[in-house]
Every structure is written in structure tokens, then in C-alpha cells.
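All values derive from a computational prediction rather than experimental measurement. If you read the sequence from its start, that first residue is 1, and numbering goes on from there.
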Amino acid sequence: GCLGIPEFGTDFAMQMLIDTKPKYFSDLIRIAGLSHGTDVWLGNAQVLIQEGKATISTAICTRDDIMIYLIGKGVESGLAFTIMESVRKGKGLRDEWIETMKEHGVPDWYIWSCKLIKYMFPKAHAAAYVMMAYRIAWYKVFQPLAYYAAYFSIRATAFSYEMMCMGKERLEYYMADYNKRSDSLTDKEKSTLEDMKIVQEMYARGFEFVKIDLYKSKATRFQIVDGKLMPSFSSIDGLGNVAAEMIEAEAQKGKFLSREDFKNRCKVSATTVDTMAELGLLGDMPHTNQMSLLDFM
């Protein structure tokens, strides 16, 4: 469910969610702090949570946690701030600070955790990120088609109409191929695979695509049409935004007389015309404007 959600959609962040089992909004803020810190989660908070020494609520997740925790333990506020600043910059703890912390009942695991930290994220920054993610997640749950339309239009950088919009079976065929070649995928193919995962989820939720309509589709924006998603022209492989915008603009001016007319008016390559024809997007449009004598017989 976190696929495509900012801050929580990566494999790393999703594993953190599995490990920490968050229940509250505040837990999500703490997880965002952990994911943006250095040596805060792996080999640190993760270990403490797995061993039962800490929970997502008690582990050190943001820099503010240290100062607030120490003040709560009775440490003088100025010293608590100084300790927080040293730890969040990766400078560790002085011996005299450790003694003070122990005198105020700070457990050994907490001191151990502070010593490992190299950088810590501010809580306010984490809260801002999570608020944004939470709003987007609301749309994914309650307005799914609007969410997917926006995501594919804006965030999906390697979307492919040919591989993703021709049905669930075709998508899963390509996904299986990509997964077999996971060690040798190009950067573009890795991005395509990430987009495939979102599309696979969309299909699993019972939603479908409708075929691109030459006269209704938009250049770069997906649309909701009769409870389904209509892809943009730019989702076609090899068709850039400029060409997609030209097609949309020319389509609004009137019907195309032929593939030749389409090519000339939209200033696209012959390869693009052939691709669109193979995808069935040009219908029964004749190749040229010329009419043969057979048309009159």
C-alpha cells in the first residue's frame, strides 16, 4: 500500500514499516526521521527494536528526541541541548556527559545508540514530509483513480503504454522478464520496473486502462473516463512531450484524413505513425489522401 507514496514507497522504508509496525501518526514521523538519518536505523535502532530494548516510540529517531528525553530525565536543559547537538552532528558523547546521563538514569542502550549516530534529522522537517505523504495516501485509498492518474502523469518517468496498458497478463509477462534480468537492467529499465509495480497494484485493485483515443487523449495527462484511466500520448514509447502536445493540438483542429495527413500535421516520424497504427490507435485511417478508383466502384 505504500508504493508511490513519498517517503514510504522505497524498499528500505517499506521494510522499516514492517519492522516497526507503526500505529500512530507520530510513529510515521519517527520513521521518517530514522530513514533520513545516518547510522540511526541500520545497526542501531533496528537492532534495539529487534532485541526488545526499545520500541518505535522510545528509540532515538530525530535530533529533538535526545534533548526532550534528557530534560525529562532531569538533565539541565542547556546541557541536554549541547548533547543533542553533538550527537546529531556525529561527534558522539564526552565522558563527563556519559557520567551525567547515567546519574540521571539513562539506560546503557540509549548511550550506546547516541555513540553510533552520524547525523540526525530534525523532527519538524520529518513532520512536514509525513504530512505531505499522508495527504497523498488519503487520495490513494479514497480516490484511487485520481491518485493513479496524477501519479502516472507526473511521477512515472518510465511509463510504457505498450507494456503496461494492454492488460494484466501482458504487464506480468514483462515484469517476469525484468525480474529475471534484475542484475543487468539499465537505469531506465529499473525505473520502468518501479512503474510496473504501481500499475500491477492498480490492476490488483480492480482498475483498468481504456485505449488511447486520438481525439480525446491529452498530451501528458492521464484522464478518468467511465471509471477507467485513459493514458496520455506521451506514454507511448518513443513519443516525447513535444510530439504529444502537437498531436493533441492538431486533433482539436479536426479529423485526420490519412496517416500521411497525421504525419505531416503532427510532424512525427514514420516510425511513430507505424507504432500507433500497430497499437490500433489510428483505426482504419487510409495511408494517404489519394483515393483509388476502387473507392468509386
Side-chain angles (χ1 to χ4, degrees), residues 1-138 140-141:
C2 290
L3 288 172
I5 301 298
E7 299 303 306
F8 300 104
T10 65
D11 291 339
F12 178 69
M14 286 190 285
Q15 187 59 52
M16 289 178 66
L17 292 168
I18 293 171
D19 291 341
T20 58
K21 299 178 177 62
K23 296 181 180 179
Y24 309 105
F25 186 85
S26 59
D27 292 341
L28 297 178
I29 293 175
R30 299 176 72 78
I31 290 170
L34 288 169
S35 67
H36 285 280
T38 304
D39 291 347
V40 183
W41 173 245
L42 296 176
N44 195 334
Q46 183 185 41
V47 175
L48 293 171
I49 291 173
Q50 289 174 343
E51 293 179 349
K53 294 178 180 178
T55 65
I56 186 60
S57 298
T58 60
I60 304 172
C61 301
T62 63
R63 63 181 69 166
D64 311 54
D65 294 340
I66 299 172
M67 183 180 72
I68 294 171
Y69 176 80
L70 293 179
I71 291 175
K73 283 290 188 178
V75 176
E76 192 272 325
S77 58
L79 178 58
F81 175 80
T82 300
I83 292 173
M84 175 193 72
E85 285 294 283
S86 180
V87 172
R88 68 102 171 171
K89 294 176 181 177
K91 296 181 179 180
L93 298 171
R94 294 180 184 176
D95 291 339
E96 60 266 32
W97 296 346
I98 294 175
E99 288 302 315
T100 300
M101 291 166 74
K102 287 183 176 180
E103 290 172 2
H104 287 82
V106 176
D108 291 337
W109 67 262
Y110 198 95
I111 294 171
W112 172 82
S113 182
C114 286
K115 291 179 178 179
L116 295 177
I117 292 167
K118 297 295 186 295
Y119 168 75
M120 295 214 77
F121 210 53
K123 188 173 184 178
H125 207 161
Y129 281 1
V130 174
M131 287 173 66
M132 172 190 65
Y134 200 80
R135 291 186 181 106
I136 293 173
W138 185 93
K140 185 174 183 181
V141 174

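Other residues, nucleotides and ligands contribute over 12 non-hydrogen atoms within 6.0 Å of the CE atom of M132. Heavy atoms of other residues, nucleotides or ligands lying less than 6.0 angstrom from OH of Y69 number more than 12.
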Output side-chain donor-acceptor pairs under 3.5 Å for residues 3-17, partner residues at least two apart or in another chain, one line each.
unit_1	atom_1	unit_2	atom_2	d
E7	OE1	H36	NE2	2.5
T10	OG1	A13	N	3.1
Q15	NE2	D19	OD1	3.1

Sequence neighbours left out, cut at 3.5 Å: what donor-acceptor pairs do the side chains of residues 116-125 make with other protein atoms?
unit_1	atom_1	unit_2	atom_2	d
K118	NZ	L116	O	3.2
H125	NE2	Y129	OH	3.2

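In this structure a side-chain-to-backbone donor-acceptor pair under 3.5 Å is present from E76 to G78. D65 contributes no side-chain N or O that, together with a main-chain N or O of I60, makes up a donor-acceptor pair within less than 3.5 Å. Listed for the K73 side chain is no donor-acceptor partner under 3.5 Å among the backbone atoms of M101.
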For L34 and I56: C-alpha separation, side-chain torsions, deciding distance, then whether side-chain contact (heavy atoms from CB on, under 4.5 Å) applies.
CA-CA 10 Å; L34 288 169; I56 186 60; 3.8 Å; yes
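Across all non-hydrogen atoms, the minimal contact from V75 to A80 is CG1-N, 4.1 Å. Contact between G33 and A126 at its shortest, heavy atoms only, is N-CB, 4.0 Å. When all heavy atoms are compared, the tightest approach of Y110 to T58 is CE1-O, 4.4 Å. Counting all heavy atoms, side chain and backbone alike, L93 lies closest to I83 at CD2-CG2, 3.6 Å. Annotation for G92 and S86: closest pair O-OG, 2.7 Å, computed over non-hydrogen atoms. Across H104 and T100, no two heavy atoms sit closer than the pair ND1-O, 2.8 Å.
Atom CZ of R63 and atom CZ of R88 lie 4.0 Å apart (nearest 0.5 Å). Taken to the nearest 0.5 Å, the OG1 atom of T38 stands 11.5 Å off from the CG atom of N44. Interatomic distance, I31 CD1 to W41 CH2, rounded to the nearest 0.5 Å: 7.5 Å. Between atom NZ of residue K21 and atom CD1 of residue I18 there is a gap of 8.5 Å, rounded to the nearest 0.5 Å. To the nearest 0.5 Å, atom OG1 of residue T20 and atom CZ of residue R30 are 10.5 Å apart. The distance from atom SG of C114 to atom CH2 of W109, rounded to the nearest 0.5 Å, is 9.0 Å.
Between K115 and I98 there is a side-chain heavy-atom pair separated by less than 4.5 Å. Under the 4.5 Å side-chain criterion, counting only non-hydrogen atoms from C-beta, D27 is in contact with S57. Between D108 and K102, some side-chain heavy-atom pair lies under the 4.5 Å cut-off. The shortest distance between side-chain heavy atoms of S113 and V87 does not fall below 4.5 Å.
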